[in-house]
Colleague: 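Starting off with a structure, shown below.
Note that the structure is predicted; figures quoted are calculated from it, not measured. Chain naming here is simple, since letters A, B, ... match the order of the sequence lines and numbering starts at 1 in each.
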There are 4 protein chains.
Amino acid sequence: MAKNQSSVPDTSRRSERSRRAIYDAALALVAEVGYPKTTIEGIASRAGVGKQTIYRWWPSKADVLLEAFLDLSGQAAEAAGQEPYTIPDTGDLAADLKNVLRATVDELSNPAFEAPSRALAAEGVVNEELGRRFVAQLLEPQLQLYVDRLRAAQETGKVRPDIDPRIALELFVSPLAQRWLQYTGPITYEYTDTLVDYALHGLAPR
Amino acid sequence: MAKNQSSVPDTSRRSERSRRAIYDAALALVAEVGYPKTTIEGIASRAGVGKQTIYRWWPSKADVLLEAFLDLSGQAAEAAGQEPYTIPDTGDLAADLKNVLRATVDELSNPAFEAPSRALAAEGVVNEELGRRFVAQLLEPQLQLYVDRLRAAQETGKVRPDIDPRIALELFVSPLAQRWLQYTGPITYEYTDTLVDYALHGLAPR
Amino acid sequence: MAKNQSSVPDTSRRSERSRRAIYDAALALVAEVGYPKTTIEGIASRAGVGKQTIYRWWPSKADVLLEAFLDLSGQAAEAAGQEPYTIPDTGDLAADLKNVLRATVDELSNPAFEAPSRALAAEGVVNEELGRRFVAQLLEPQLQLYVDRLRAAQETGKVRPDIDPRIALELFVSPLAQRWLQYTGPITYEYTDTLVDYALHGLAPR
Amino acid sequence: MAKNQSSVPDTSRRSERSRRAIYDAALALVAEVGYPKTTIEGIASRAGVGKQTIYRWWPSKADVLLEAFLDLSGQAAEAAGQEPYTIPDTGDLAADLKNVLRATVDELSNPAFEAPSRALAAEGVVNEELGRRFVAQLLEPQLQLYVDRLRAAQETGKVRPDIDPRIALELFVSPLAQRWLQYTGPITYEYTDTLVDYALHGLAPR
DNA sequence: GGATAACCGAGACGGTACGTCTAGTCTTAAG
DNA sequence: CTTAAGACTAGACGTACCGTCTCGGTTATCC
């Protein structure tokens, strides 16, 4: 059996209690004082933990927050008692998409999610490695649900068969994302409904 | 006319040489070491300027960079010898949009623009006030060009009259923006061409 | 005129108020919690000063304390209204020496001097460079007074002319120093009187 | 007889191998990097021992070193094949003392002894309790040898009978000690010879 | 054209946080 | 129960920047 490299922390001895306390403190601080004023020292002291315990397990503030947020999302999903989760399929694609987007609008204004996810998104813009992890672990799994729903629609002929669903979904998801990220416009149910209509039927007359 | 409040700097005495040196230093540093490692002290020392000269004229690092970038963009536009700028109208809407988006793809990979604009975008995600200024001064004027082109297309019946152009443009602009900001997918001419096609003709069969 | 080296602090701008506050804090802390528990952070915070202000002007805790103590000694000497100071010469060498040593015994038990001078002595034992400065700036000037007095005694025939006064003084000064430094024995007037007698007349019968 | 309190380590189970490794590591580190940079962690890791094993048996770094040094001195004495040890008595007191002091001069410049004994002396200056133990266990036994030799000299009339030998020895031992501890002067055979002469015959003319 | 503001470069100041290191305690697994 | 290993809380280390301040030394208007 291989020995541990001397410089690699021994995960088996890791304190679960500290890990949880750090997640909680990080999320709370980001919500309360914002990401830039959230400091490692602040997290440590709020969590009742030595700074070294943070530096031992995470390379940066952003990584702490990413893990904390993943954990939070995981919990939230569990709490909702959901299996892998899918977008409902009532047969009416437009209605189904509008519903999901309306739910997303609600979620984007939930302050518990807003502060950390904005912080992570911002960090990801400037830190490619973290950005890609953010996308792979949080965003892409959600986008995949749209892929699935669009593929189902293709099978029933509601979406043209030559369409690439991974690109198609961006027609309504990305506009919402950009308005949220960059404050380029208001975010309302009406707006997302419109996006779905435009995307499904196109801008050109028929 | 009222006298200057003692705490309000007298713009007329401002050193143009220092202002330029600060812009140059800020842009160079962001490109070289990244936004988070760009410090006011670093900018001052690189520009051969006292720190106070920066604090006198700008409230924050982000503001320095925003102004420096606006200045840079202004110069670039001037250098291109352009009047206010418009999207060409050859009568073929799809082709025109594809061309502009292809140009945007090129610009997004220009390293001189990438570092500072990513930095500003990231800061804007987390700092609403700056974000709105970034959008109002840089992004929105460019989006307006699409609004104009789409309105022209509506007049010639190439776009349905009930379409809101400000929303419509997001169908192809936002996906590109999101891929660039969040690394959610590759950015190619083929991709942007596809976006235009999907947006104009919709996902649903006709 | 030569310019400042860029890395050398500009003494002319130094804050006298901070310097004094640092001296006071350092001496107070050494007296209250002992040298090892006296920290740079503690001194800074007690003095109401940034840590960097200490690091800017002194290379180590020991140097701060040495300067603070020199300052204190300087003040004390001034307060005593003394000219350069000499050992009185009443013509009775033994009596003069006993008097000075008795005064030294008193001083050694003065708590205001004891804590910092012990700390500096200890540091000097293990840090030769500091030790030599401690000796050159504090100890040797005092020993020189004995040299002068002994030389005067040689001129009046009270001390043999072949004696080296710098060594001779150690016969009574060093034993006292050692008892104080190393707790090798009690320190009393009787003890120092005895040292003078032994040193002047020798151990061997005449 | 009562059982061991749970908090009192059971000496009988103590690992001899660890004890020795700790002594060796402590002495080596003090010699190599100096006392202040010698840390408990460093000793433990160098000795291949858990930190707790050190904390279980010694209350502080200084205590480890004191014991290690006592052990080393014990070994050295044994290696020299000496019984309790005495100062030789050739009948010529001055010569005998000069010889012993010359040997001490040699020992003081032995680097194997110098680093730890300086460290302990320094610690003892500032930590009375340890200082007293250092003196009682290491210094006083050696000084006692001078007491014995001086008493023998008193019996043969070479030293005045009213002299207190414990004080008398300080006339030549303490000056050497002070020069060594505080770098107040060079340490040579000539110097120690001079000390003996001055001490025996006094400074005053006869 | 001399006075007098406000600028300017420079950099010291009181602070906060960084990331590292060590102290001394506690936990785990092996013997 | 001791041991090696090492994670834990705590807090000092010395550094880097923050944003404010003061210092002389130019400008650049205004009387």
Colleague: Judged by atom type as modelled, is there a donor-acceptor pair below 3.5 Å linking the side chain of C:K37 to the main-chain atoms of C:V30?
Modeller: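 Side chain of C:K37 to backbone of C:V30, a donor-acceptor pair under 3.5 Å: no, none is there.
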Colleague: For the base of E:dC21, is there a side-chain donor-acceptor partner from A:Q52 under 3.5 Å away?
Modeller: yes
Colleague: Looking across every strand, which nucleic acid part, if any, lies under 4.0 Å from B:R56 by heavy atom: base, sugar-phosphate, or nothing?
Modeller: base
Colleague: Rounded to the nearest angstrom, tell me the gap between atom CD1 in C:I22 and atom P in E:dA12.
Modeller: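 In whole Å, E:dA12 P lies 14 Å from C:I22 CD1.
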Colleague: Between B:I40 and A:G48, which has a closest nucleotide on DNA chain F that is more 5'?
Modeller: A:G48
Colleague: Whether the side chain of C:K51 engages the backbone of C:I40 through a donor-acceptor N/O pair (distance < 3.5 Å, no angle test) should be reported.
Modeller: no
Colleague: Heavy atoms under 4.0 Å, any strand shown: does C:G42 hit a base, just sugar-phosphate, or nothing?
Modeller: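 Nothing, no heavy atom under 4.0 Å.
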Colleague: Does B:W57 have a side-chain nitrogen or oxygen under 4.0 Å from the phosphate oxygens OP1 or OP2 of E:dC8?
Modeller: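 True: B:W57 side-chain N/O within range (under 4.0 Å) of E:dC8 OP1/OP2.
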Colleague: Below 4.0 angstrom, N of the basic side chain to O of the carboxylate: do A:E128 and A:R133 qualify?
Modeller: no
Colleague: With distance as the sole test, does B:R118 use its side chain to make a donor-acceptor pair with the main-chain N or O of A:V125 at under 3.5 Å?
Modeller: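 Indeed, once roles are kept as given, a pair shorter than 3.5 Å links the two residues.
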Colleague: Specify the separation, in whole Å, of atom CZ of B:R17 and atom C1' of F:dA28.
Modeller: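 In whole Å, F:dA28 C1' and B:R17 CZ are 16 Å from each other.
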Colleague: Nearest-Å distance, CD (C:E16) to C1' (E:dC13)?
Modeller: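 Between C1' of E:dC13 and CD of C:E16: 15 Å.
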Colleague: Mind calculating the distance between NZ (A:K37) and P (F:dC18) to the nearest angstrom?
Modeller: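 After rounding, the reported distance stands at 15 Å.
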Colleague: Over how many whole Å does the gap from A:R46 atom CZ to E:dA17 atom C1' extend?
Modeller: 18 Å
Colleague: Rounded to whole Å, please give me the gap between CD1 in C:I54 and C1' in F:dT15.
Modeller: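 In whole Å, F:dT15 C1' lies 15 Å from C:I54 CD1.
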Colleague: Assign each of A:G50 and B:Y55 to its nearest nucleotide of DNA chain F by heavy atoms, then name whichever residue's nucleotide is nearer the 5' end.
Modeller: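 Looking at the nearest nucleotide for each, A:G50 comes out on the 5' side.
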Colleague: Measuring to OP1 and OP2 of F:dA7, would you say a side-chain N or O of A:T53 lies under 4.0 angstrom away?
Modeller: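 The answer is no; no side-chain N or O of A:T53 sits under 4.0 Å from OP1 or OP2.
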Colleague: Is there a donor and acceptor pair, one atom on the side chain of C:K51 and one on the base of E:dG15, closer than 3.5 Å?
Modeller: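 Looking at the base of E:dG15, it does not pair with any donor or acceptor on the side chain of C:K51 (distance under 3.5 Å).
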Colleague: Is it the case that atom CZ in C:R20 sees more than 12 heavy atoms from other parts of the structure closer than 6.0 Å?
Modeller: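 Above 12, so yes.
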Colleague: Can you check the C:R13 CZ to F:dG25 P distance for me, whole Å?
Modeller: 10 Å
Colleague: Nearest whole angstrom, please: distance from the P of F:dA7 to the CZ of A:R19.
Modeller: 16 Å
Colleague: Counting the atoms with a prime plus P, OP1 and OP2 as sugar-phosphate, which does D:S18 contact under 4.0 Å by heavy atoms, base, sugar-phosphate, or nothing?
Modeller: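 D:S18: backbone/sugar contact only, no base atoms under 4.0 Å.
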Colleague: Let's test your reading of the model: under 3.5 Å, does the base of E:dC21 pair with the side chain of D:E41 as donor and acceptor?
Modeller: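 Donor-acceptor pair under 3.5 Å: no.
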Colleague: For DNA chain E, whose closest nucleotide is more 5', that of A:K61 or that of B:R14?
Modeller: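 Closer to the 5' end of DNA chain E: B:R14.
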